[in-house]
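Reminder, nothing fancy here: chain letters follow the sequence lines and each chain counts from 1. All values below were derived from every heavy atom in this structure, side-chain atoms included, with hydrogens, water molecules and symmetry-related copies excluded.
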There are 2 protein chains.
Amino acid sequence: MLTNERHDYILRMLEEKKTVKLQDLVEVTDASESTLRRDLTELESMGKLERVFGGAVLPGRNLQEPSMDDKSTRNLKEKKSIAEYAASFVQEGDSVFLDAGTTTLQMITFIKDKNPVVVTNGLPLAVALNEAGITTYLTGGMLKPRTGAFVGAGALAALGAYHFDICFLGVNGIHADYGYTTPDPEEAAVKKKAASHARKTYILADHSKVNKVSFATIINLQDAALIVDGVPAETLQEYNKITTVKVVEK
Amino acid sequence: MLTNERHDYILRMLEEKKTVKLQDLVEVTDASESTLRRDLTELESMGKLERVFGGAVLPGRNLQEPSMDDKSTRNLKEKKSIAEYAASFVQEGDSVFLDAGTTTLQMITFIKDKNPVVVTNGLPLAVALNEAGITTYLTGGMLKPRTGAFVGAGALAALGAYHFDICFLGVNGIHADYGYTTPDPEEAAVKKKAASHARKTYILADHSKVNKVSFATIINLQDAALIVDGVPAETLQEYNKITTVKVVEK
DNA sequence: TGCTTATGAATGATTATGATTGATTTTGGA
DNA sequence: TCCAAAATCAATCATAATCATTCATAAGCA
């Protein structure tokens, strides 16, 4: 069976069944496991499918879910590691700002025994903080449906009333030349203001954000430290010029 | 069965039945208890469901109510009737304030087709409003764990920036002599300030609140209308002295 | 021939799974 | 109410499945 034939077959099978197992493909196509793995990898890089453990599924088929959930599944483990490491900087009784985002969300588990007072602009975070029994303040403001973040004049005004011992922000991209970037200007404004009211600011990012700069707003942050996972040493050199970098070990 | 298939199955089952038992999943999916427990744990960490003893439920549902199912299910039918009736006063495009509370929560279903802009101080309400696709503002402030209400200086300051066409408040007791009462002074302050920024205010209460005055703070509200259900005519006479009373018919 | 590409097999690593254990929670009866 | 039984739970472990990587072979082509 030709390579293209296999590819077509896989895609047609996916269309039909929405999901396909590698072992089934082996039986039907008479190709080896290795070959079919390569097929799947290739088709994935073309965006035609999404690999999962044991096979593949149609891409983006949980787009029906709020976009937050999609993102939260991606790199979840890395995010948890980063969150745990970041949480180690929080001290007993600190006043903490947690940015809206999936990585900061993961931090809640790791800080709840430190009796922090937490301010956030994230709706899901407020829910989780409440459940965790943490003293919680929310900035308020206009709710962005896609991200569950509160932004706008209301959020900015509320931030003016607080001061934080420590502040944790998520970003969408990090680049040695452009610095930190995030797609939404309103969310960028909130991040900036939060950082300006904090004694110390940490930026959280998994490796997928490194050297990425999408259509985005640049956030100018002085004195912020960057926490990332699994980035090669030579890449780090570049960033050390512009910020303190802390790498999460596995 | 692929991991993703199980996850999808669980979520679809949840969508349908609102709740799912672990044992049922074991029977249907042919996976072990351990595996399904892991599935549930993972889905929970993604915020797609909430684990309960014996299975899982859709998220948010039980956060809407402080701690006891008791309170939320108590008089639920009456609350829905009151909510539906109250919602009939909302007009297309109105700016609406919804107080934190279970009755106001029920209103969301009934106002979402009127394209309102809603301001609330209730965490569960913000979640529900977001899900309903309604433009949502939240006051922010300090979160009261028991009730999910935001109160304090932050909440009051935020309210100063809004004006409402219509305002709906819940109370804990109504008495012909003492007026409206609620146990928490901070929540009382929020209610009062919200009402003072509204063109028209409605108080929602089921019959269990009538002639009740617990250890409570009195809320002085001018020009507010009272919406109650199933109260005898002679009781009504008393209240007409102090407010406009509207009774929900069954 | 020399070069590229596709393939399959083998490897050690990673991940998912199911069974077991003892702890926790709920249930039901005294 | 209190206590004991049953159900459910989290944690751990060993096993099985799946994975990425490497290497060697074979086929196609100038």
Side-chain angles (χ1 to χ4, degrees), chain A residues 1-11 13-14 17 19-46 48-57 59 73-81 84 106 108-110 112-113 131-133 206-208 229-230 232 248-250, chain B residues 1-11 13-14 17 19-46 48-57 59 62 67-70 73:
Chain A
M1 206 181 217
L2 252 43
T3 306
N4 285 356
E5 286 183 273
R6 280 199 317 274
H7 285 197
D8 286 351
Y9 185 89
I10 293 170
L11 291 178
M13 194 161 175
L14 258 179
K17 309 213 177 190
T19 135
V20 59
K21 287 197 256 268
L22 182 72
Q23 286 311 321
D24 293 349
L25 288 174
V26 170
E27 282 185 27
V28 179
T29 63
D30 265 349
S32 73
E33 219 177 89
S34 296
T35 298
L36 284 160
R37 277 183 206 291
R38 276 186 276 257
D39 287 343
L40 292 185
T41 307
E42 195 173 346
L43 287 169
E44 183 180 40
S45 76
M46 301 193 300
K48 301 268 179 84
L49 55 76
E50 197 168 320
R51 294 192 68 182
V52 294
F53 199 89
V57 298
T73 60
R74 181 145 40 212
N75 302 333
L76 184 61
K77 267 205 165 157
E78 289 90 333
K79 284 176 176 170
K80 274 187 182 164
S81 310
E84 183 168 13
Q106 300 295 332
I108 294 173
T109 322
F110 303 113
K112 75 173 166 192
D113 294 329
E131 280 177 358
D206 61 71
H207 61 270
S208 73
D229 72 314
V248 179
E249 304 296 338
K250 303 205 171 187
Chain B
M1 205 179 203
L2 251 41
T3 306
N4 288 56
E5 291 182 273
R6 279 200 317 274
H7 285 195
D8 284 356
Y9 185 89
I10 293 170
L11 291 178
M13 194 162 174
L14 258 179
K17 310 208 174 189
T19 145
V20 59
K21 285 194 213 124
L22 182 71
Q23 286 311 323
D24 294 348
L25 289 174
V26 170
E27 284 184 26
V28 178
T29 62
D30 266 349
S32 73
E33 216 178 273
S34 296
T35 298
L36 284 160
R37 276 182 207 291
R38 276 185 279 255
D39 287 343
L40 293 185
T41 307
E42 195 174 344
L43 288 169
E44 182 179 40
S45 79
M46 303 192 302
K48 304 213 178 172
L49 55 76
E50 197 166 318
R51 295 191 67 181
V52 294
F53 200 89
V57 297
N62 84 350
S67 35
M68 314 289 277
D69 285 49
D70 261 357
T73 54

Trainee: Below 4.5 Å, heavy atoms only, C-beta onward: do E5(B) and K21(A) meet side chain to side chain?
Mentor: yes
Trainee: Any chance you could list the contact pattern along nucleotides 15-30 of chain D? Use B for base contacts, S for sugar-phosphate-only contacts and - for none, protein heavy atoms under 4.0 Å, 5' to 3'.
Mentor: ---SBS----------
Trainee: For the pair made of CG in L25(B) and C1' in dT8(D), what is the distance, rounded to whole Å?
Mentor: 14 Å
Trainee: Is there a side-chain contact between R6(B) and T35(B) in this structure, where contact means two heavy atoms from C-beta onward sitting under 4.5 Å apart?
Mentor: yes
Trainee: Over how many whole Å does the gap from R6(A) atom CZ to dT5(C) atom P extend?
Mentor: 16 Å
Trainee: Tell me the closest heavy-atom pair linking L49(A) and I10(A), and the distance in Å.
Mentor: CD2-CG2, 4.1 Å
Trainee: Once you round it to whole Å, what is the distance between C1' of dA10(D) and CG of L40(B)?
Mentor: 13 Å
Trainee: Between atom OG1 of T29(B) and atom CG of L36(B), what is the distance when rounded to the nearest 0.5 Å?
Mentor: 4.0 Å
Trainee: Reckon T3(B) has a side-chain N or O less than 4.0 Å from the OP1 or OP2 of dT17(C)?
Mentor: yes
Trainee: Please report the C-alpha distance between H7(A) and E42(A) in whole Å, then the side-chain angles of each, then the deciding distance to 0.1 Å, and finally whether the side chain to side chain contact (heavy atoms under 4.5 Å, CB included) criterion is met.
Mentor: CA-CA 9 Å; H7(A) 285 197; E42(A) 195 173 346; 3.6 Å; yes
Trainee: Given salt bridge (charged side-chain N to carboxylate O under 4.0 Å, His left out), test E33(B) with R37(B) step by step and report yes or no.
Mentor: CA-CA 6 Å; E33(B) 216 178 273; R37(B) 276 182 207 291; 2.6 Å; yes
Trainee: Take atom CG of L36(B) and atom P of dC9(D), then tell me their distance rounded to the nearest Å.
Mentor: 11 Å
